[in-house]
Amino acid sequence: MSAAKPLSLSSSIQICRIMRPDDANIVGNVHGGTILKMIEEAGGIISTRHCNTQPGERSVAALARVERTDFLHPMFIGEVAHVSAEITYTSKHSVEVQVMVMAENILTGVKKVTNKATLWYVPFSLQNVDKIIEVPPIEYTSQEEEEEGKKRYEAQKMERMETKERNGDIITPVTSPDRQTKDAYTVGFSQSSLIHLVGPSDCTLHGFVHGGVTMKLMDEVAGIVAARHCKTNIVTASVDAINFHRKIKKGCVVTVSGRMTFASNKSMEIEVFVDADPIVEDAKGKYRAVSAFFTFISLDKEGKPLPVPPLKLETEEEKKRFEEGKVRYLQNKAKRQVEKKCQQ
C-alpha cells in the first residue's frame, strides 16, 4: 500500500542512534523498552510537526495508543538504530503514524528490520491542556486508502473504549510478595512493581509524561517478572496494544505493576499497568493511566529459545486470566501464520 501524503513540509522523518551498553541487558540485547521509547520519539516529532502546519493555536501531540508491536529480530550494542516514521491517516482529532525500526551493523553494513509499529496521537493545545485541537487533513493516493485508514481508526477507537471499561480507573497495584514464603513459578512469586517520581526530564512541553518514557518503564517491569519466572536471559518478543487512558502529570508518583497471566512452552505473557498518584493534589486520588500485555521469551547463552517453566495457578481469578491469555496467544499465532503465508 502506498503511503498517504501529509499537507506538511515533511511527509516522513528518520532518527538514528548508536546502541550503547546502558541500552542493553547483561548479554548485549537492546531492551525492548529502549526501542519502544525511540519509536514514540519519532512518532511524537512527526505528529506534533504535522499538527502545527496550519495557522492557529499551537499544540503538542500526545500518545493515545500503540498497536501490537512484534520484535522481529534482536538489536545489539554497537548497532545503529534507524527509526523511520510516516503519517498514514488523520481523523478530526487524531493522527496515525507508521514507524519502522532497522538495525545496522556498521562494521559489516548488514541491515535488518527489527520492528514495525502503528501509533495514534491526539493534539492538545499548549494554552489549554484539556482542549483537543483539530488535525490538519492529509491527501490520499486513492479513496480505498482513505477508507482503509478509517476502518483502522474506528477499530482502535472501539478497542480503547473496551479496554478502559475492562480495566476500570482504579486497580489495586501489585505489591512485591515475600518470596521465601512463595512457591516458584506462581503468579505471586514473580509479580513485581516499580515506583517512579515523574520529573521534568520525563515530560513534554505540557508537563505530561512522554509515552515513550512510560513504555520503557513498563518493559522494565515486565522483564523483571519474566526473569524471575525463568531465571534466564529474557527478551521482549511482542507487545499487545498499549492503551493510554489518562495523562500523567509532572510531580505524580507512578506505580508500574506486572504479573504473569499466561505461559506456553515457548513464551510468557505479562500484564502491565500504570497507576498514577498526583500526590500534590490528594483530592484527585490514584487512577489507571496505561495498560498493556507484554510477551517475552527465554534464551540460552547462545541466544536460542529455551522452554518456559509452566505457570502454577492458585486462584480462580488466575485461571480466568490464564484462559484469556491463551485465547490471545492462539489468535496472535494464527495471525502470524497468515502473515507468513502472505509474504511467501
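All residue numbers in this chain count up from 1 along the given sequence.
Using a 4.5 Å heavy-atom cutoff, the side chains of Asp23 and Ile77 are not in contact. Taking 4.5 Å as the limit, some side-chain heavy atom of Met100 sits within range of a side-chain heavy atom of Val113. The shortest distance between side-chain heavy atoms of Met218 and Phe294 falls below 4.5 Å. The side-chain heavy atoms of Ile297 and Val235, taken from C-beta on, include a pair separated by under 4.5 Å. Thr255 is not listed as a side-chain neighbour of Asp277, based on a closest heavy-atom distance of 4.5 Å or more. Using a 4.5 Å heavy-atom cutoff, the side chains of Asn332 and Arg336 are in contact. At least one side-chain heavy atom of Val83 sits less than 4.5 Å from a side-chain heavy atom of Val99. For the pair Val290/Val254, no side-chain contact is recorded, criterion being any heavy-atom separation below 4.5 Å from C-beta on.
A donor-acceptor contact shorter than 3.5 Å links the side chain of Asn105 to the backbone of Thr108. Panel note: side chain Asn243, backbone His245; no donor-acceptor pair is recorded below 3.5 Å.
Comment: Glu220 engages Lys216 in a salt bridge, judged by a side-chain N to carboxylate O separation of less than 4.0 angstrom. Look at Glu57 and Lys131 and you find a salt bridge, because one of the NZ, NE, NH1 or NH2 atoms lies within 4.0 Å of a carboxylate O, short of that distance.
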Are Lys37 and Val213 close enough, and set up right, to give a side chain to side chain contact (heavy atoms under 4.5 Å, CB included), and what steps lead you there?
CA-CA 6 Å; Lys37 189 171 184 290; Val213 171; 3.9 Å; yes
For a salt bridge (Lys or Arg N to Asp or Glu O under 4.0 Å) check, start with the C-alpha distance between Lys320 and Glu317, then their side-chain angles and the critical distance, and finish with the verdict.
CA-CA 5 Å; Lys320 179 183 177 182; Glu317 187 64 27; 5.1 Å; no
Verify side chain to side chain contact (heavy atoms under 4.5 Å, CB included) between Thr114 and Leu72, making sure each step is shown before the conclusion.
CA-CA 5 Å; Thr114 62; Leu72 306 174; 5.7 Å; no
For Glu96 and Tyr153: C-alpha separation, side-chain torsions, deciding distance, then whether side chain to side chain contact (heavy atoms under 4.5 Å, CB included) applies.
CA-CA 8 Å; Glu96 180 192 53; Tyr153 165 74; over 6 Å; no
Full working for salt bridge (Lys or Arg N to Asp or Glu O under 4.0 Å) between Glu148 and Lys151
CA-CA 5 Å; Glu148 286 298 317; Lys151 288 179 183 178; 3.7 Å; yes
Does the salt bridge (Lys or Arg N to Asp or Glu O under 4.0 Å) test come out yes or no for Arg65 and Glu67, once each step is laid out?
CA-CA 6 Å; Arg65 175 180 167 89; Glu67 302 290 356; 2.9 Å; yes
Side chain to side chain contact (heavy atoms under 4.5 Å, CB included) between Arg17 and Glu41, worked out:
CA-CA 12 Å; Arg17 185 163 74 82; Glu41 286 172 353; 5.8 Å; no
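Residue Arg58 qualifies as enclosed at atom CZ: its count of foreign heavy atoms under 6.0 Å is above 12. Crowding of Lys157 atom NZ: a count of heavy atoms from other residues, nucleotides or ligands under 6.0 Å not exceeding 12. Within 6.0 Å of NZ on Lys231 lie more than 12 heavy atoms contributed by other residues, nucleotides or ligands.
Ser192 approaches Ser190 most closely through the heavy-atom pair OG-O, 3.0 Å.
A distance of 4.0 Å separates CD of Gln14 from SG of Cys16, quoted to the nearest 0.5 Å. Atom-to-atom distance recorded for Tyr140:OH and Lys150:NZ is 10.5 Å, nearest 0.5 angstrom. Once rounded to the nearest 0.5 Å, the distance linking CE of Met19 with CD of Glu79 reads 9.5 Å. Once rounded to the nearest 0.5 Å, the distance linking CG of Asn233 with OG of Ser298 reads 7.5 Å. Atoms NZ and CD, from Lys326 and Glu269 in turn, are 13.0 Å apart once rounded to the nearest 0.5 Å. With values rounded to the nearest 0.5 angstrom, Ser125 atom OG is found 10.0 Å from Asp130 atom CG.
With sequence neighbours excluded, the residues that form a side chain to side chain contact (heavy atoms under 4.5 Å, CB included) with Ser59 are Cys51, Asn52, Pro123, Ile133. In terms of the side chain to side chain contact (heavy atoms under 4.5 Å, CB included) criterion, residue partners of Gln143 (sequence neighbours excluded) are, by chain and number, Glu146, Glu147.
Using modelled atom types and a 3.5 Å distance limit, the side chains of Thr118 and Gln98 yield a donor-acceptor pair. Asp219 and Thr236 form a side-chain donor-acceptor contact under 3.5 Å, judged by distance and modelled atom types alone.
Under a hydrophobic clustering in which Ile, Leu, Val, Met, Phe, Trp and Tyr are joined whenever their side-chain heavy atoms come within less than 4.5 Å, directly or via other members, Leu217 and Ile270 fall into the same cluster. Val221 and Val198 fall within a single hydrophobic cluster, where Ile, Leu, Val, Met, Phe, Trp and Tyr side chains are chained together by heavy-atom contacts under 4.5 Å. Each of Val122 and Ile242 belongs to its own hydrophobic cluster when Ile, Leu, Val, Met, Phe, Trp and Tyr are linked at side-chain heavy-atom distances under 4.5 angstrom. Residue Met268 is grouped with residue Leu330 when hydrophobic side chains (ILVMFWY) are merged at heavy-atom distances under 4.5 angstrom, including chains of intermediate members. With hydrophobic clusters built from ILVMFWY side chains whose heavy atoms lie under 4.5 angstrom apart, Val60 does not share a cluster with Leu63.
Note on residues 309-331: pairs passing ring-ring contact (aromatic ring centres under 6.0 Å, His included), not counting sequence neighbours, are Phe262-Phe322, Phe262-Tyr329.
The aromatic rings of His206 and Phe124 sit perpendicular to each other, their planes meeting at more than 60°, with 30° as the lower class boundary.
Shown are Thr295, Val30, Val101, Val239; of these, the side chain to side chain contact (heavy atoms under 4.5 Å, CB included) with Phe71 is made only by Val239.
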